[in-house]
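Both counts, for ligands and for their atoms, begin at 1 and track the order of listing.
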Amino acid sequence: MNHEDCIDALHDHHFGELDRARDEQVRSHLAECGDCALEYCRLRADLDRLDALATARPGPAVRVALRAKVESEFTPSAWSRLVAFCTLRVPIYQPVAVLALVVAVVALAWPTDAPSSARTDHPTVVDQFDGSDVRIVDHRVL
Ligand SMILES: [Zn+2]
């Protein structure tokens with residue numbers, strides 16, 4: 001085996017992808033050739049650094065910052081959620097939601113018949129009330 005063949009086979013040798021005879025040729029050449037052995041050491045160091053990068057995890061500060069950025073970019077606003085809900089393509093939900101919204105708006109905007117109590121400077125005072133002497137105001141119910 002010459003230098004070029006050995007260099008070409010180093011990657012496959014490292015990952016165990018060579019057949020037994022070819023792997024043995026690479027091993028014996030690496031045992032005899034300092035240049036190829038040095039190249040194999042460099043390749044292993046590079047591959048180890050790549051493995052370390054693949055298993056590296058971000059620190060807690062980076063995770064917190066990343067989560068905040070993702071939430072700020074991808075969390076929809078209340079208005080856009082309401083619009084999305086009202087435009088939902090589910091046959092029954094959309095008319096029911098629009099009807100409920102109209103009923104709620106009308107109920108809030110409709111004037112009430114109840115008399116409004118006006119504030120007065122003279123508070124109501126019940127004085128000398130006798131519950132046994134109740135006067136009947138309307139005789140039609142009797
Ligand atoms: Zn060599």
Side-chain angles (χ1 to χ4, degrees), residues 1-132 134-138 140-142:
M1 176 173 272
N2 60 23
H3 294 299
E4 224 173 83
D5 291 341
C6 182
I7 297 296
D8 288 345
L10 283 180
H11 194 268
D12 292 337
H13 168 71
H14 180 77
F15 289 105
E17 296 176 354
L18 295 176
D19 60 55
R20 189 179 184 112
R22 181 117 171 111
D23 192 57
E24 191 57 42
Q25 290 174 344
V26 170
R27 285 179 189 271
S28 62
H29 185 83
L30 287 175
E32 296 169 357
C33 177
D35 293 340
C36 290
L38 180 62
E39 191 62 34
Y40 183 57
C41 287
R42 288 180 182 148
L43 175 67
R44 278 186 17 196
D46 290 344
L47 292 174
D48 289 345
R49 280 194 293 266
L50 286 176
D51 285 345
L53 285 177
T55 59
R57 299 211 176 261
V62 173
R63 296 174 135 226
V64 168
L66 186 60
R67 178 174 296 277
K69 186 172 182 176
V70 166
E71 285 180 359
S72 70
E73 286 186 20
F74 295 105
T75 302
S77 66
W79 176 252
S80 63
R81 280 187 278 169
L82 179 65
V83 168
F85 178 74
C86 290
T87 59
L88 199 61
R89 293 287 178 200
V90 178
I92 193 64
Y93 293 160
Q94 191 171 6
V96 169
V98 170
L99 183 64
L101 187 63
V102 168
V103 167
V105 167
V106 168
L108 290 175
W110 199 265
T112 60
D113 292 339
S116 60
S117 59
R119 287 188 80 67
T120 177
D121 294 336
H122 307 289
T124 302
V125 176
V126 177
D127 198 15
Q128 296 178 350
F129 175 74
D130 185 7
S132 64
V134 177
R135 288 178 284 156
I136 298 173
V137 177
D138 191 359
R140 289 177 294 175
V141 296
L142 298 176

Would you give the length of the straight line joining atom OG of Ser72 to atom CZ of Arg67, rounded to the nearest 0.5 angstrom? 12.5 Å
Can you tell me how far the CG atom of Leu43 sits from the CG atom of Leu38, to the nearest 0.5 Å? 11.5 Å
Closer than 2.8 Å to the Zn ion (ligand 1), which protein N, O or S atoms? His3 ND1, His29 NE2, Cys33 SG, Cys36 SG
Flag the pair Leu99 / Pro95 as yes when at least one side-chain heavy-atom distance between them is below 4.5 Å, and no otherwise. no
For residues 45-65, tabulate all N or O donor-acceptor pairs below 3.5 Å that involve a side-chain atom, not counting sequence neighbours.
{"residue": "Asp46", "atom": "OD1", "partner": "Arg49", "partner atom": "NH2", "Å": "2.4"}
{"residue": "Thr55", "atom": "OG1", "partner": "Asp51", "partner atom": "O", "Å": "3.2"}
{"residue": "Thr55", "atom": "OG1", "partner": "Ala52", "partner atom": "O", "Å": "3.3"}

Is a side-chain N or O of Thr75 found less than 3.5 angstrom from the main chain of Glu71, in a donor-acceptor match? yes
Verdict with supporting geometry, Asp23 and His13, side-chain hydrogen bond (donor to acceptor under 3.5 Å, both in side chains): CA-CA 6 Å; Asp23 192 57; His13 168 71; 2.5 Å; yes
